[in-house]
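Accompanying notes for the structure given below.
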Amino acid sequence: MPQQPDTETLNAMALTRVDRFHPAGILELYNRLGSATAVIEHRNDIRDVIPDASRYLIEGLGRLDEGLRRAEEELDYDLKHHIKPLAFHDKQYPERLRQCPDAPLVLYYLGNADLNPRRTINIVGTRRCTPYGRDLIKAFVRDLKELCPEVLIFSGLAYGVDICAHREALSDGFETVAVLAHGLDDIYPRAHRDTAIEMLQQGGLLTEYMTHTEPFAKNFVRRNRIVAGCSDATILVESASRGGGLITCGIARSYNREVFAFPGPVGAPYSQGCNNLIRDNGGMLITSAEDFVNAMMWNDDLRLRKARKRGIQRDLFPDLSDEEKTIVDALSETNDQQLNALTVATSLPVSRLSSLLFELELKGMVRPLAGGTYHLTM
């Protein structure tokens, strides 16, 4: 049986019902009071602790009993169907997304992938993917597996580029997660149901929406921020001059994440968005997985494989940078920490922390364990 979520999770679920259209406002309220439980405890005197609370917020908190009832119904469904509600405080909540100013207060997750792996990307683009785009995705994912075999791939399960990315990821042995624009009691589009089921054993399904939420158009735009926020890099394959993929790229840039685009033939309608993005310096041009891995400086996987072949030599007197010392100190105080816990302990961004942990692994000081945990060997 799934573990019963705590009271804070239930309260966070209820709080998302106060303002379902402005997640940044709810997150700010949560951060200012420190927890969803604290918000609920002060729901009747919110202006005593937040003098500038809006009338709209006060009215929403006044209807919170309805939100609590809906949260309890959702929790009952989730427990019966093995869905994991991941509140903002949960250690399984995606740490990269937690760093974003408009992150959802609660996510609902069905699957087996670790949402805080060392490396994550998303592959997005047009719903009218051409043979050119499909070939690009196939070659990119295949070659990425050779160059950098442990990457979690996000997309949106939509027609076109999204579903091609998921299917190629599954085919090449990558874990892949779809971010949905509706609740986990259904799959949209229905044509991708079989792929979604396969992903439950090699990735997962993620959403901010409770069950019985329909896939309204506005939800697809909102879910793009989760796709971007969970990823170290966004890769645009094909796009018209406007489209959801370009929206995801814009959000990724606002989060200071890397953006890449494959160029296409001049005048081709579904390459126009990519070409314009590259022209306007909104994304870096890539033509292969090798380009991408080099640009991200992820080619250390090859160095690690070579080091393991010859046997990593422990340096008894390692020369550590200040950041590396911070990691060692954190693990010395509490060993065997997961990546997201280390991020909190060291105040280092996930992408930087991952790179430093790799360097410490090469020096024989840190060893990765199952479940994204790191062990100090000193």
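Just so you know, residue 1 is the first one in the sequence shown, and it goes up from there.
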(message) If we ignore hydrogens and angles and just use 3.5 Å, is the side chain of Ser271 paired with the main-chain N or O of Ala268 as donor and acceptor?
(response) no

(message) Under the side-chain contact (heavy atoms from CB on, under 4.5 Å) test against Leu105, which residue among Ile26, Leu29, Val39 passes?
(response) Ile26

(message) Closer than 4.0 angstrom, basic N to acidic O: yes or no for Glu208 and Arg225?
(response) yes

(request) Provide the closest heavy-atom pair for Asp90 versus Pro85 in the form atom of the first, atom of the second, distance. (result) OD2-O, 4.2 Å

(request) Please list, chain by chain and in numerical order, all residues satisfying ring pair (Phe, Tyr, Trp, His ring centres under 6.0 Å) with His192, sequence neighbours excluded. (result) Tyr159

(message) So that I can tick it off, tell me whether Glu66 and Arg63 are bridged by a salt bridge, with the cut-off set at under 4.0 angstrom between side-chain N and carboxylate O.
(response) no

(message) Taking salt bridge (charged side-chain N to carboxylate O under 4.0 Å, His left out) as the cut-off, I'd like each qualifying pair that reaches into residues 346-358, sequence neighbours left out, listed once.
(response) Glu323-Arg352

(message) Pairing donors with acceptors under 3.5 angstrom, does anything connect the side chains of Asn11 and Thr37?
(response) yes

(message) Going by side chain to side chain contact (heavy atoms under 4.5 Å, CB included), name the residues that satisfy it together with Met284, two or more places apart in sequence or in a different chain.
(response) Phe260, Ala295

(message) Under a 4.0 Å threshold between the charged nitrogen and the carboxylate oxygen, would Arg367 count as salt-bridged to Asp336?
(response) no

(message) With a 4.0 Å cut-off on N to O distance, would you call Glu74 and Arg70 a salt bridge?
(response) yes

(request) State whether the side chain of Arg223 and the backbone N or O of Thr207 hold a donor-acceptor pair below 3.5 Å, judged by distance alone. (result) no

Which donor-acceptor pairs under 3.5 Å do side chains of residues 165-174 form with protein atoms, sequence neighbours excluded?
| from | atom 1 | to | atom 2 | distance (Å) |
| --- | --- | --- | --- | --- |
| His166 | ND1 | Thr176 | OG1 | 2.8 |
| His166 | NE2 | Leu157 | N | 3.2 |
| Arg167 | NE | Thr195 | OG1 | 2.9 |
| Arg167 | NH2 | Thr195 | OG1 | 3.3 |

(request) May I ask you to check whether over 12 heavy atoms, not counting those of Glu59, lie within 6.0 Å of atom CD? (result) yes

(message) For the backbone of Leu376 and the side chain of Asn335, can you confirm whether one donor and one acceptor N or O come within less than 3.5 Å of each other?
(response) yes

(request) Run through the side-chain heavy atoms of Ile, Leu, Val, Met, Phe, Trp and Tyr, join any pair under 4.5 Å, and report what else lands in Tyr188's cluster. (result) Phe220

(message) Can you tell whether the side chains of Glu73 and Arg69 come within less than 4.0 Å, N to carboxylate O?
(response) no

(message) Check whether Asn219 reaches the backbone of His182 with its side chain - one donor and one acceptor, N or O, closer than 3.5 Å.
(response) no

(request) Could you tell me which residues satisfy side chain to side chain contact (heavy atoms under 4.5 Å, CB included) with Pro269, sequence neighbours excluded, listed by chain and number? (result) none

